[in-house]
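Read the structure below first, then the notes.
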Amino acid sequence: MNARAAGPAVAAPIRPGATPYGPMPVENPALGEVFARTPGCTPEELDRVLEGAARAFPGWAATPLEARRERLLSCERALLAVVGPMTELLTREQGKPLKHARAEVGLAAEWFGHTARLELAPQRLVDEPAARVGLERVPHGVVAAIAPSNYPILLAVCKIAPALLAGNTVVLKPSPDTPLSSLMMGRILSEVLPAGTFAVVDGGAELGARLTVHSAVRLVSFTGSVGAGRAIARQAATDLKRVVLELGGNDPAVVLPGTDVVPLARDLFTRAMTNSGQFCAAVKRVYAPRDRYRQLAEAMAAVADSAVVGDGLDPATEYGPLVSRAQLDRVAGMVDEAVGCGARVLAGGHVLDRAGHFYPPTVVTGLPPGSRLEEEEQFGPVVPVIPYDDPEQVIARANASPYGLGCSLWGDEDRARALAGRPECGTVWINTHGDLRHDVPFGGHRHSGIGVEYGAWGLNEYTQLKVHHIALRQADREMS
């Protein structure tokens, strides 16, 4: 139950000190130092875990729904009992401030409770003298859940809980950057779930690919980058496995003409910098009317200059480090490239001269056309502010991105509602952004994913339809 897995980077290179299937180092991103190692999962161990999940599946699927609900409520209680130690471990391996790590673990525990209350009732489709037709939702089998490094516990539970309630068994593979809290969760939940129902496997990219193509797996649920999602879709297609892919986002926030921008500055900044920008539904780019964009950018830069960046274990820290050196280099490279082409940095804009993977909250203006900082997902604490002249044209410009996760419109509500049908994305927010809820579906259009998560809609992804069609005999018709 305790092997280990890769997160969003199925095609990622092996990290220094790691081998394809052996022990792997875990780094504290605030210090840039290895503080733990995990044993890793060999191919043979993975086979045994998956075989165990396949053996456990028939019994778990046959378990009455009410009994499965009770198991999920037991998972909620078990996680709530270890919020303290899991919080500190999560901060040490991921970097986020302790208060945010605590909120993540608490919300993950509550997610089990929310999910346990969802319905999976059969439906009667036809009730005629000659036939009765019913519909039920049945599980797929073994689900491979591959979670990312930004919210390793919460985004794992968003897969585990509905998959288990639907009657599937689950094998979780966390990101190799943040495996420790997931391994801890695996040990805790193994005490309240039947053997073979849930396991955590620990390893790198090769193990991820092996998990995806394994014949025992019938559905792969993945959260991570578009590139890795494509690789998983290709691998799953060889066996026609079902997939749920929650991929990247490059969410625009469009401030509408006539809006007083100064009161919006802190809100927009905060929604761009959530988890140091490592959040798929964070604001990734801000478009503002040309006559007000400088004022907005300067106000956001003032907020950035006052932000406290540091070790997540320090209670004063507002923004922690990026999770890895590779991500730090990517973010810094995108800003440097933009500056080299004429962009202007109003706040931040350089790697901090300290140990760890720190990049300060950064506000950029003057992006040249075609800049990667506008067209790609930076996944870090950087937000460009871009002027526009016409709202219809700027939404078309935002839609030119291959991503389609979310978009927000800020300003007069009536005007925003009139434009809300234009963005090509899964969620349009008005005067807010990134507000995700357990009872509201979340998913993307185009390159941002396949399928949805959360609520009844997310639960349905972990089921398949089964029709029961009964032709009634003459005697049955007369009796009825």
Within the 3.5 Å criterion, strictly below it, is a donor on S181 or E93 matched to an acceptor on the partner's side chain?
yes

Is E376 salt-bridged to K284, cutoff N-O under 4.0 Å?
no

Exceeds 12 heavy-atom contacts within 6.0 angstrom, atom CZ of R372:
yes

Determine whether I450 and V244 make a side-chain contact, defined as any pair of heavy atoms from C-beta on separated by less than 4.5 Å.
no

Below 4.5 Å, heavy atoms only, C-beta onward: do L46 and L207 meet side chain to side chain?
yes

So do the side chains of M334 and V382 get within less than 4.5 Å of each other, counting heavy atoms only?
no

Do R285 and V383 come close enough that some side-chain heavy atom pair is under 4.5 Å?
no

Dump the intermediate steps for side-chain contact (heavy atoms from CB on, under 4.5 Å) on L98 and R102, then the final yes or no.
CA-CA 6 Å; L98 279 169; R102 179 176 294 274; over 6 Å; no

Between M185 and V200, is the side-chain contact (heavy atoms from CB on, under 4.5 Å) condition met? List the steps.
CA-CA 8 Å; M185 179 169 64; V200 182; 5.8 Å; no

Could you tell me how the ring of Y151 sits relative to the ring of F279: parallel (under 30°), tilted (30 to 60°) or perpendicular (over 60°)?
perpendicular

The side chain to side chain donor-acceptor pair (under 3.5 Å) partners of Q378 (sequence neighbours excluded) come to none

In terms of heavy-atom contacts, does CZ of R266 have more than 12 from other residues, nucleotides or ligands at under 6.0 Å?
no

Without swapping roles, check the side chain of D390 against the backbone of Q393 for a donor-acceptor pair under 3.5 Å.
yes

For N399 against P423, the heavy-atom pair lying closest together:
OD1-CA, 3.6 Å

Q123 side-chain N/O to L125 backbone N/O, donor-acceptor pair under 3.5 Å
no

List the steps, then state whether salt bridge (Lys or Arg N to Asp or Glu O under 4.0 Å) holds for E374 with R397.
CA-CA 10 Å; E374 179 184 5; R397 179 175 178 176; 2.8 Å; yes

Result block: side-chain N/O donor-acceptor pairs under 3.5 angstrom for residues 153-168, not counting sequence neighbours:
residue : atom : partner : partner atom : Å
K159    : NZ   : S221    : OG           : 3.1
K159    : NZ   : T223    : OG1          : 2.8
K159    : NZ   : E453    : OE2          : 3.2
N168    : OD1  : H140    : N            : 2.7
N168    : OD1  : G141    : N            : 3.0
N168    : ND2  : A163    : O            : 3.0
N168    : ND2  : Y462    : O            : 2.9

At what distance, to the nearest 0.5 angstrom, does CZ of R230 lie from CZ of R234?
8.0 Å

Please round to the nearest 0.5 Å and tell me the distance separating atom CD1 of I386 and atom CG of L373.
7.5 Å

Look at atom CZ of R354 and say whether more than 12 heavy atoms of other residues, nucleotides or ligands are closer to it than 6.0 Å.
yes

Without swapping roles, check the side chain of D389 against the backbone of P289 for a donor-acceptor pair under 3.5 Å.
no

Please evaluate residues K241 and D239 with respect to the criterion salt bridge (Lys or Arg N to Asp or Glu O under 4.0 Å), reporting the C-alpha separation (whole Å), side-chain torsions for both, the decisive distance (0.1 Å), and the verdict.
CA-CA 5 Å; K241 302 181 195 299; D239 195 24; 3.2 Å; yes

Is a donor from one side chain sitting under 3.5 angstrom from an acceptor on the other, for Y403 and E424?
no

What's the separation between atom OG1 in T91 and atom CG in D311, rounded to the nearest 0.5 Å?
8.5 Å

Using every non-hydrogen atom in the two residues, find where A343 and V364 come nearest and quote the distance to one decimal.
CB-CG1, 3.8 Å

Side-chain donor/acceptor of T463 to backbone N/O of N460, under 3.5 Å
yes

If the plane angle is over 60° it's perpendicular, under 30° parallel, otherwise tilted; pick one for W429 and H433.
tilted

Donor-acceptor contact below 3.5 Å, side chain R446 vs main chain S401:
yes

Could you tell me whether a side-chain N or O of Q327 sits under 3.5 Å from a main-chain N or O of F379, the two making a donor and an acceptor?
yes

Between T274 (side chain) and G277 (backbone), is there a donor-acceptor pair under 3.5 Å?
no

Which pair of heavy atoms, one from P179 and one from D177, lies closest together, and at what distance?
CD-C, 3.5 Å

Indicate the atoms forming the closest heavy-atom contact of G229 with L245, along with that distance.
O-CD1, 3.8 Å

Apply side-chain contact (heavy atoms from CB on, under 4.5 Å) to residues M273 and E318 and explain how you reach the verdict.
CA-CA 10 Å; M273 299 297 156; E318 294 177 294; over 6 Å; no

Is it true that Y388 and Y287 have ring centroids separated by less than 6.0 Å?
no

At what distance, to the nearest 0.5 angstrom, does NE2 of H350 lie from OG1 of T362?
7.5 Å

Donor-acceptor pair, distance only, cut-off 3.5 Å: does the side chain of T317 make one with the backbone of G320?
no

Is there a donor-acceptor pair under 3.5 Å between the side chain of Q278 and the backbone N or O of V323?
yes

Could you tell me if the side chain of L419 sits less than 4.5 Å from the side chain of L256, heavy atoms only?
yes

When you compare the side chain of Y454 with that of L436, does any pair of heavy atoms fall below 4.5 Å?
yes

How long is the gap from CG on L346 to CD on E298, to the nearest 0.5 Å?
6.5 Å

Less than 4.5 Å apart, side chain to side chain, heavy atoms only: is that true for F35 and V26?
yes

Is the shortest side-chain N to carboxylate O distance from E104 to K96 below 4.0 Å?
yes

Taking atom types as modelled, is there a side-chain donor on W410 or S408 under 3.5 Å from an acceptor on the other?
yes

Start with the C-alpha distance between Y359 and L322, add both sets of side-chain angles, then the distance that settles side-chain contact (heavy atoms from CB on, under 4.5 Å), and finish with yes or no.
CA-CA 7 Å; Y359 202 86; L322 291 168; 4.2 Å; yes

List the atom of V428, the atom of A420, and the distance in Å for their closest heavy-atom pair.
CG2-O, 3.6 Å

Kindly indicate whether the side chain of Q295, heavy atoms from C-beta on, has any atom under 4.5 Å from the side chain of V261.
yes

Which of parallel (below 30°), tilted (30 to 60°) and perpendicular (above 60°) describes H114 and H438?
parallel

If only atom types and distance count, is the side chain of T259 paired as donor or acceptor with the main-chain N or O of V255 below 3.5 Å?
no

Nearest non-hydrogen partners of G95 and P321, listed with the distance:
O-CD, 3.3 Å

Would you please say whether a donor-acceptor pair under 3.5 Å links the side chains of E27 and H357?
yes

When rounded to the nearest 0.5 Å, the distance separating CZ of R294 from CZ of R344 is 7.0 Å

Distance-only donor-acceptor check, side chains N275 and H100, under 3.5 Å:
no

